[in-house]
2 protein chains.
Amino acid sequence: MSDLVTRLRRHNWRITPQRRVIAETLEGSHVHFTADEILERACERMPELSRATVYNTLNEMVALGEVLELAFDGRSKRYDPNADHAHHHLICEGCGLMKDVHAVGDPIEWLPGDERHGFAVTRAAITYRGRCPDCQDAA
Amino acid sequence: MSDLVTRLRRHNWRITPQRRVIAETLEGSHVHFTADEILERACERMPELSRATVYNTLNEMVALGEVLELAFDGRSKRYDPNADHAHHHLICEGCGLMKDVHAVGDPIEWLPGDERHGFAVTRAAITYRGRCPDCQDAA
DNA sequence: TCTTTGTTTAGACATAGTCTAAGCTAGGAT
DNA sequence: ATCCTAGCTTAGACTATGTCTAAACAAAGA
């Protein structure tokens with residue numbers, strides 16, 4: 001049912017009931033939740049679930065490379081279950097709405113060798129910002 | 001002396017002694033400090049400076065568009081005084097070292113119209129990640 | 001069954017940032 | 001010069017987000 005659960009199991013990671021609920025909550029949504037939003041929604045299915053377990057589990061899924069941690073606003077991190085599928089993010093400066101978007105090409109190729117300062121560059125993420133249709137009308 | 005101060009004054013923004021110290025601390029460094037790091041350094045020149053003033057001042061400079069707020073790690077925001085000069089950031093996944101870098105072209109052009117979801121897209125920032133020379137050796 | 005290892009829990013703790021109420025300062029009006 | 005006002009600064013309380021700890025719990029293997 002949950003593809004994220006399948007991917008997690010491949011790491012020989014024990015799928016406990018708590019972890020399954022958290023993974024399915026993450027994957028079942030099309031917005032990127034904060035840890036507390038995941039806790040709130042997961043608790044509808046498993047009321048005794050603790051905050052510490054949600055934080056632990058999310059951090060472990062990030063460490064396994066199956067979930068991306070997004071930190072755009074400096075307030076709270078958000079979690080993106082599509083770690084395998086290259087995409088970027090478009091954020092509304094008015095209301096904070098976030099969309100996944102796909103750009104043409106690979107940003108790493110746009111960084112010249114003499115701008116790399118000897119780094120081994122492995123990833124690149126683009127954050128687009130603007131105003132969504134609703135917030136353009138409101139302005 | 002401080003170009004940032006000049007830019008801020010153009011907004012009819014009162015340059016108090018506190019604000020000058022904060023602006024010069026920001027601009028005088030080549031790394032991007034957190035608010036608390038700025039407080040610590042600014043206090044060497046003005047020991048009675050308060051934390052609230054540093055936070056207020058940084059937020060106002062961001063609102064004026066003269067300083068960029070960077071939120072990459074979800075821990076604490078960092079502040080970049082070069083808001084006028086288009087550049088991106090390269091971060092070491094080992095030690096957190098951050099460098100300003102310049103990519104070829106404008107990332108906004110790489111986002112197709114049908115991926116914009118009706119947004120008016122105004123800005124794009126690329127975050128490159130990898131390992132710096134020191135952390136490659138350590139690995 | 002017993003043991004071992006890993007998981008979950010509640011709550012204490014830590015960190016980053018905001019808010020509030022009071023006092024202070026600079027500049028304009030008199 | 002003195003007063004007034006608006007805006008600035010301050011200390012500390014408060015909030016939000018996340019981590020840590022110690023104990024209880026659960027599952028798998030001997």
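Every chain is numbered from 1, with letters handed out A, B, ... down the list of sequences. These figures come from a predicted structure and were not determined experimentally.
Rounded to whole Å, atom P of C/dT7 lies 15 Å from atom CE of A/M46. A straight line from CD of A/E40 to C1' of D/dA16 spans 15 Å, rounded to a whole angstrom. Spacing between atom CD of B/E48 and atom C1' of C/dC24 amounts to 12 Å, rounded to whole angstrom units. Taking atom CZ of residue B/R19 and atom C1' of nucleotide C/dT25, one finds them 12 Å apart after rounding to whole Å. Atom-to-atom, CG of B/L49 to C1' of C/dC24 comes out at 15 Å; the value is rounded to the nearest Å. The nearest whole Å value for the distance from the CZ atom in B/R14 to the P atom in C/dG28 is 10 Å. Rounded to an integer number of Å, the gap from B/L39 CG to C/dA16 P is 12 Å. Atom CH2 of B/W13 is separated from atom C1' of C/dA26 by 16 Å (rounded to the nearest Å).
Between the side chain of B/E37 and the main chain of B/T34, a donor-acceptor pair closer than 3.5 Å is present.
Geometrically, B/R41 engages B/F33 in a cation-pi contact defined by less than 6.0 Å to the ring centre and at most 45° from the axis.
Inter-axis angle, ends of the helix from C/dT1-D/dA30 to C/dT30-D/dA1, five pairs per end, rounded to 10 degrees: 10°.
When distances run from any side-chain atom of B/A35 to the nucleotides C/dG6, D/dG18, C/dG17, the shortest one goes to C/dG17.
The one candidate from A/N82, A/V101, A/I126 that meets the side chain to side chain contact (heavy atoms under 4.5 Å, CB included) condition with A/H87 is A/N82.
Taking a 4.0 Å limit (strictly below) on heavy-atom distances, residues 50-79 of chain A reaches DNA chain C at A/S50, A/A52, A/T53.
Take B/R116 and apply the salt bridge (Lys or Arg N to Asp or Glu O under 4.0 Å) test, not counting sequence neighbours, and it matches no residue. For the ring-ring contact (aromatic ring centres under 6.0 Å, His included) test, no residue two or more places apart in sequence or in another chain qualifies with A/H117. With sequence neighbours excluded, the residues satisfying salt bridge (Lys or Arg N to Asp or Glu O under 4.0 Å) with B/E69 are B/K77.
The side chain of B/Q18 contributes no N or O atom lying less than 4.0 Å from OP1 or OP2 of C/dT25.
Salt-bridge formation is detected for the pair A/E66/A/R7: a Lys NZ or Arg NE/NH1/NH2 atom is positioned less than 4.0 Å from an Asp or Glu carboxylate oxygen.
For A/H89 and A/Y128, the ring centers sit 6.0 Å or farther from each other.
Pairs of residues two or more places apart, or lying in two chains, never qualify as salt bridge (Lys or Arg N to Asp or Glu O under 4.0 Å) while including a residue from residues 99-112 of chain A.
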